[in-house]
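Structure, as structure tokens:
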Amino acid sequence: MLVIPFLLLCISMVSCSERQAVDMNMRDSPAYQHTQANSNSPPPPPIRLSYVSGIRAILEDSQGRIWFGSHNEGVCLLRGDTLTYFTVADGLSNNQVRSIYEDRAGQIWFECGEGISVYDGERLAVWKEKNYGRKHQWSGGVRDLWFKSDPSTGHSEIEEFPGVYRYDGEAMYYHAFPIYLEEEVKFGYSISASFARGQGNEVWLGTYSAVIGYDGEACTFITNDLLGLNENTGYLHVRSIYVDSNGDLWIGNNGIGVLKYDGEEVVNVSRQHGLISLAGAGRGGYRSTETTLEHIFAIGEDKHGNIWFGDRDTGAWMFDGESMKNYGLEAGLPVTHIWQIYTTKTGELWFAMADGSVQRFVEDKFERVF
């Protein structure tokens with residue numbers, strides 16, 4: 001009975017001796033020494049975008065590539081650790097990239113200051129095939145993409161009326177807005193924000209003077225008249241829209257603060273929390289002072305359900321449903337102006353900044369990502 005444990009002990013001792021010999025041989029090998037040398041070498045330099053005009057749009061596509069749209073320097077593709085830059089010379093319709101989308105086929109779309117471009121995986125080109133035969137025949141699917149009209153503001157002669165382009169995966173159609181087509185207000189119905197998907201087939205479109213919802217059958221309009229806004233209160237000047245995980249619509253304005261629409265009523269959340277300055281008078285050109293939330297160019301939601309706002313003049317704001325907390329330059333932001341708040345596939349929030357950097361929020365402060 002004592003022989004078996006003794007044999008096992010011998011075998012174990014031999015195995016350990018052999019393993020030590022192998023380990024010693026590995027330590028003497030050039031491959032092992034090279035690995036050890038590399039592990040002690042300094043980390044590679046961080047990836048940094050070269051843009052200085054600002055980042056207006058971010059997209060992490062289905063292949064894991066990351067796209068960055070600039071304010072007026074084109075678009076950049078990050079693939080692995082390599083940055084590739086594209087401008088009008090490479091197929092963009094305009095060097096201002098306001099929004100970036102991916103369609104069901106994996107094509108990447110760029111909504112530019114003027115025109116629309118698409119990347120099919122091999123080449124970038126201006127999209128020119130547009131159908132104007134359904135201007136007053138609205139339709140839409142849950143996976144359709146929506147784009148602003150061709151000019152930077154207003155509409156072209158062939159568009160005829162203020163409206164929006166819709167791509168259904170096969171063709172692109174132009175739909176005129178069925179509202180307020182008088183000549184003096186046509187400018188106000190230019191698309192001014194990236195579209196937001198609501199519940200079911202619902203989509204929300206932000207224009208300077210109104211927010212328009214479409215559910216596949218009918219349109220809903222949030223306008224100055226509906227809200228009772230006038231010269232004294234300040235008018236809608238929509239710069240961002242967002243639908244949160246509860247289905248509530250948030251509207252970021254350039255002048256009158258952030259609005260919340262729950263399907264029944266619209267509430268000015270900035271005013272509720274005393275974040276509107278009397279001196280501003282609802283004007284977009286007014287430079288806000290600290291502790292105000294009046295010029296909202298970006299809206300997002302973190303994995304805890306907190307709603308984040310990017311203010312042009314006062315930085316980032318976090319709203320937990322009850323109170324607001326502001327993070328500005330003292331929290332590590334390089335500038336106050338935030339163009340977009342983007343949620344990555346891992347649930348991290350990225351803040352696209354007007355200085356050309358991308359920041360993230362970690363433990364009560366911001367740090368640079370790109």
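- Salt bridge annotation for E60-K345: absent, with no cationic side-chain nitrogen under 4.0 angstrom from a carboxylate oxygen.
- Note on ring orientation: taking the six-membered ring where Trp is involved, the planes of W109 and Y167 are tilted (angle from 30° to 60°).
- Atom CD of E367 sits in a crowded spot, with more than 12 heavy atoms from other residues, nucleotides or ligands closer than 6.0 Å.
- In this structure, Y242 has its ring center no closer than 6.0 Å to that of W308.
- Between the side chain of N246 and the backbone N or O of D248 there is no donor-acceptor pair closer than 3.5 Å.
- Annotation for R360 and F351: closest pair CA-CD1, 4.4 Å, computed over non-hydrogen atoms.
- Below 30°, between 30° and 60°, or above 60°: for F319 and H273 the angle between ring planes is above 60°, a perpendicular geometry.
- Residues meeting the side chain to side chain donor-acceptor pair (under 3.5 Å) test with S357, sequence neighbours left out: D355, Q359.
- Remark: aromatic rings of H136 and F161 are close, center separation under 6.0 Å.
- When the shell of 6.0 Å around CD of Q272 is examined, it contains more than 12 heavy atoms from other residues, nucleotides or ligands.
- Here the two rings, on Y119 and F110, have centers that are 6.0 Å apart or farther.
- Using cut-offs of 30° and 60° for the angle between ring planes, the F68 and W350 rings count as parallel.
- Between R104 and D168, none of the side-chain N atoms (NZ, or NE/NH1/NH2) sits under 4.0 Å from a carboxylate O, so this pair counts as no salt bridge.
- H175 has its ring centre no less than 6.0 Å from the ring centre of Y214.
- In this pair, W339 and F297 present their aromatic rings perpendicular. The plane angle is above 60°, beyond the 30 to 60° band.
- The distance between the ring centers of F177 and F221 does not fall below 6.0 angstrom.
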